[in-house]
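A quick note: this is a predicted structure, and the numbers were derived from the prediction, not measured.
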Amino acid sequence: MNMVSKCLNLNISSSHPNIFLANSKNPRPSHTLTLFSSPRKINKTFHSQNHNFSLANNVSLRYSNYKVLFSSSQSFEIEPDPTLSNDDLKPTTPSQRTFSRMEMAGLWVGLVVGVPSYYLAGSLVDLGMAWWQGIATVVVANMILFVPLVLTGHPGTRYGISFPVLARSSFGIHGAHIPTLLRALVGCGWYGIESWIGGEAIFLLLPNSIKQTTLSKCLPWLGTSPLEFFCFLAFWLAQLSIVWKGIDGIRELEKYSSPILILLTSCLLIWSYVKTNGFGHMLSLSSRLTNSQFWSLFFPSLTANISFWAALALNIPDFTRYAKSQNDQIIGQASFPILMGAFTFVGIVVTSSTKIIFGHVISNPIQLLGQIGGFVTTILAIIGISLATITTNISANVVAPSNALVNLNPKLFNFRKGALLTALLGIAFQPWKLLKSSESFVYTWLVGYSALMGPIGGIILVDYYILKKTNLCIEDLYSRNPYGAYYYSSGFNVKAIVALVVGMLPVIPGFLHKVGILKSVSETFVVVYNSAWFVSFFSAGLVYWILSNLRNKLDESAAGGDNLFYAPK
């Protein structure tokens with residue numbers, strides 16, 4: 001479809017087969033031009049200063065800076081606004097498209113192989129699931145999530161734009177700050193969690209003489225010991241040296257760390273196999289749950305596993321914008337569910353083996369490595385955990401918040417400044433409290449924030465694929481001009497904001513009950529909360545689609561009469 005509205009270039013000709021002049025019995029004092037463009041019909045009206053203006057065979061219109069200007073130019077364009085762009089927000093150039101399918105797969109190796117992924121898998125066994133139930137839950141969840149991952153990655157590769165810029169197309173030039181800052185908030189929380197895990201690895205390296213001092217005693221007001229907190233800060237600072245190199249430093253880190261992480265994971269699996277004389281211990285590990293208990297655990301666990309990567313599924317354009325082609329981003333990301341399934345297998349095998357080796361289940365790999373002991377093991381553990389944590393943390397939890405802050409104020413923030421503020425906010429989340437138990441980590445943190453990520457994903461996908469048919473105008477994404485396609489109402493798309501709120505509301509009572517603010521709620525709200533991502537994703541997407549279609553019908557009705565309009569092919 002050759003639509004003028006794609007790039008906002010318009011040549012008006014009286015002989016154009018798709019331009020029609022409606023008859024009018026009551027001509028207006030000035031000629032009115034109304035443009036309708038697919039997939040979202042945009043009503044734009046212009047009035048000429050000359051009441052006697054008439055359309056010649058080759059008349060071109062150009063508007064800029066809130067005015068309609070008639071010129072001999074053959075282009076119809078919107079001037080970019082410097083406050084909406086900088087080097088970090090501009091579309092990637094062909095020379096920057098360097099991510100092959102292998103590098104995209106390597107990115108996922110660095111993301112998947114980490115303590116939280118291992119901890120999540122082990123938590124399912126810890127909570128009573130059989131080994132195969134835990135693996136099946138993780139695999140099903142990530143196969144579901146693979147679909148929005150690839151779909152959301154498409155505009156990144158096609159247009160070279162990041163998530164904050166993509167969000168402008170559905171939420172508006174200014175409204176995009178709402179989803180990007182919500183995503184940034186989750187990223188800051190995860191940054192704190194991953195940094196805390198890295199700090200635990202440093203704590204593990206310390207000699208017992210230091211760990212047995214008064215510095216290791218927990219302070220009630222802090223919620224942890226001063227020594228563990230200092231180790232957390234040390235790891236927190238160490239990551240900044242890599243963050244400071246930007247996206248190129250992240251790519252190099254993922255590229256060279258992937259084989260090391262695969263090797264160390266294999267070593268842990270071999271250790272478990274040798275210590276327990278095979279995998280029989282895992283195969284014999286049956287569920288401790290009744291049928292009803294399993295299903296009541298399965299759905300929130302499925303939601304938690306989807307939520308685990310739901311935030312990254314939103315800002316995956318931040319990475320796919322560097323992919324060489326759509327095939328590279330799709331094939332590269334196809335490794336994601338496979339890697340999650342494989343790493344879950346390792347996590348559950350090793351976790352279940354701890355019951356035989358140590359007499360009780362140890363789902364936290366850092367605690368496990370501390371139990372294994374030995375100088376060589378400790379050194380390898382520190383290297384492995386630190387590398388796995390840094391690769392996951394920087395890619396998944398620094399890029400999105402940094403880009404969100406750059407989008408908020410391109411003049412004030414660049415990637416480095418955004419990353420620094422992200423790291424500072426990560427401390428404020430007090431991650432040591434989020435990781436204190438499987439219950440708080442899986443069903444409060446993971447399920448809770450899925451109510452924020454779900455509706456954003458639903459709205460963006462409905463807007464991009466159903467309403468806009470994957471067609472975006474890049475110029476409009478960087479313009480504050482009120483005639484721009486994504487300016488909506490003062491820069492905010494009210495329909496998207498309403499749909500976002502509607503998607504979140506049903507989950508709130510269940511969340512408040514989970515954190516103890518509400519003592520009791522209806523069982524319906526509990527069920528909704530346990531399926532928070534699904535409920536919020538589909539409800540927000542449906543509401544946004546309905547509101548958008550109603551708006552388009554109103555625009556069509558208002559366009560009748562004495563109007564010249566462009567009918568798209």
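- At distances below 3.5 Å, not a single donor-acceptor pair connects side-chain atoms of S450 with backbone N or O atoms of A532.
- Of the possible polar contacts, none joining the N305 side chain to the V138 backbone as a donor-acceptor pair under 3.5 Å is found.
- Using a 4.5 Å cut-off on side-chain heavy atoms (C-beta onward), F279 and L269 make contact.
- Nearest heavy-atom pair, I202 versus A234, reported as atom, atom and distance to 0.1 Å: CD1-CB, 4.2 Å.
- Between F336 and W108, the ring-plane angle classifies as tilted under the 30° and 60° cut-offs.
- Between the R183 side chain and the A311 main chain, a donor and an acceptor come within less than 3.5 Å of each other.
- Separation of atoms NE2 (H513) and NZ (K519) is listed at 10.0 Å; rounding is to 0.5 Å.
- Shown here is F525, whose CZ atom has no more than 12 heavy atoms of other residues, nucleotides or ligands within 6.0 Å.
- A heavy-atom distance below 4.5 Å is not found between the side chains of S170 and Y464.
- M504 approaches P455 most closely through the heavy-atom pair CG-CG, 3.9 Å.
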Exercise for the section: Just do the side chain to side chain contact (heavy atoms under 4.5 Å, CB included) check on L314 and T152 with the steps written out, would you? Expected result: CA-CA 7 Å; L314 285 182; T152 311; 5.7 Å; no
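- Of the residues listed (L461, D463, V462), the one engaging Y465 in a side chain to side chain contact (heavy atoms under 4.5 Å, CB included) is L461, and it is the only one.
- A donor-acceptor contact shorter than 3.5 Å links the side chain of Q326 to the backbone of H154.
- Put simply, OG on S307 and CG on L145 are 9.0 Å apart, with the number rounded to the nearest 0.5 Å.
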Practice task
Dump the intermediate steps for side chain to side chain contact (heavy atoms under 4.5 Å, CB included) on Y322 and L107, then the final yes or no.
Solution key: CA-CA 12 Å; Y322 296 98; L107 172 69; over 6 Å; no
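- Side chains of V526 and V521 form a contact here, defined as non-hydrogen atoms less than 4.5 Å apart.
- Across every non-hydrogen atom of G134 and T344, the tightest pair is O-CG2, 4.3 Å.
- Separation of the F229 and W236 ring centroids does not fall under the 6.0 Å cut-off.
- Classification of the F537-W533 ring pair by plane angle, with boundaries at 30° and 60°, yields parallel.
- With values rounded to the nearest 0.5 angstrom, I270 atom CD1 is found 11.0 Å from T265 atom OG1.
- Between F343 atom CZ and I348 atom CD1 the span is 11.5 Å, to the nearest 0.5 Å.
- From T157, atom OG1 reaches atom CG of D328 across 8.5 Å, with rounding to the nearest 0.5 Å.
- Annotation: the span from L268 atom CG to S272 atom OG amounts to 7.0 Å, rounded to 0.5 Å.
- Side-chain N or O atoms of T290 include one that pairs as donor or acceptor with a backbone N or O of Q293 at under 3.5 Å.
- The shortest side-chain heavy-atom distance between F235 and I390 falls under the 4.5 Å cut-off.
- Between F232 and W432, the ring planes are perpendicular. Angles over 60° get that label, and only those under 30° would be called parallel.
- Between G384 and L264, the closest heavy-atom pair is CA-CD1, 3.3 Å.
- Shown here for A400 and D318, the closest heavy-atom pair between the two residues is CA-OD2, 3.8 Å.
- Between the side chain of S287 and the backbone N or O of G128 there is at least one donor-acceptor pair closer than 3.5 Å.
- Counting heavy atoms from C-beta outward, Q333 and I316 have side chains that approach closer than 4.5 Å.
- Atom CZ of F230 has 12 or fewer neighbouring heavy atoms from other residues, nucleotides or ligands inside a 6.0 Å radius.
- The aromatic rings of F308 and W190 stand perpendicular to each other, their planes meeting at an angle above 60°, with 30° marking the opposite boundary.
- Annotation: side chain of F319 is not in contact with side chain of L111 (no heavy-atom distance under 4.5 Å).
- Side chain of N407 to main chain of N403: no donor-acceptor pair is present (N/O by atom type, distance under 3.5 Å, no hydrogens or angles).
- Closest heavy-atom contact between G153 and T320: O-OG1, 2.8 Å.
- Of the possible polar contacts, one joining the T354 side chain to the T351 backbone as a donor-acceptor pair under 3.5 Å is found.
- Looking only at atom types and distance, the side chain of E194 has no donor-acceptor partner in the side chain of T392 under 3.5 Å away.
- Between I385 and I197, some side-chain heavy-atom pair lies under the 4.5 Å cut-off.
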Handout entry: Working for side chain to side chain contact (heavy atoms under 4.5 Å, CB included), residues N397 and T422
Key = CA-CA 8 Å; N397 308 317; T422 298; 5.9 Å; no
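- Counting heavy atoms from C-beta outward, N530 and V447 have side chains that stay 4.5 Å or more apart.
- Between the side chain of T180 and the main chain of A404, no donor-acceptor pair closer than 3.5 Å is present.
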Problem - ring pair (Phe, Tyr, Trp, His ring centres under 6.0 Å) between F146 and W309, worked out - result: CA-CA 10 Å; F146 173 68; W309 296 114; over 10 Å; no
Practice task
Could you give me the CA-CA distance, side-chain angles and deciding distance for F534 and I144, then say whether side chain to side chain contact (heavy atoms under 4.5 Å, CB included) is met?
Solution key: CA-CA 11 Å; F534 293 96; I144 293 172; 4.1 Å; yes
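- Other residues, nucleotides and ligands place no more than 12 heavy atoms under 6.0 Å from the NZ atom of K275.
- S195 places no side-chain N or O within 3.5 Å of a backbone atom of G192 that could act as its donor or acceptor partner.
- In the displayed structure, W545 atom CH2 is contacted under 6.0 Å by at most 12 heavy atoms of other residues, nucleotides or ligands.
- More than 12 heavy atoms of other residues, nucleotides or ligands shown are found within 6.0 angstrom of CZ on F294.
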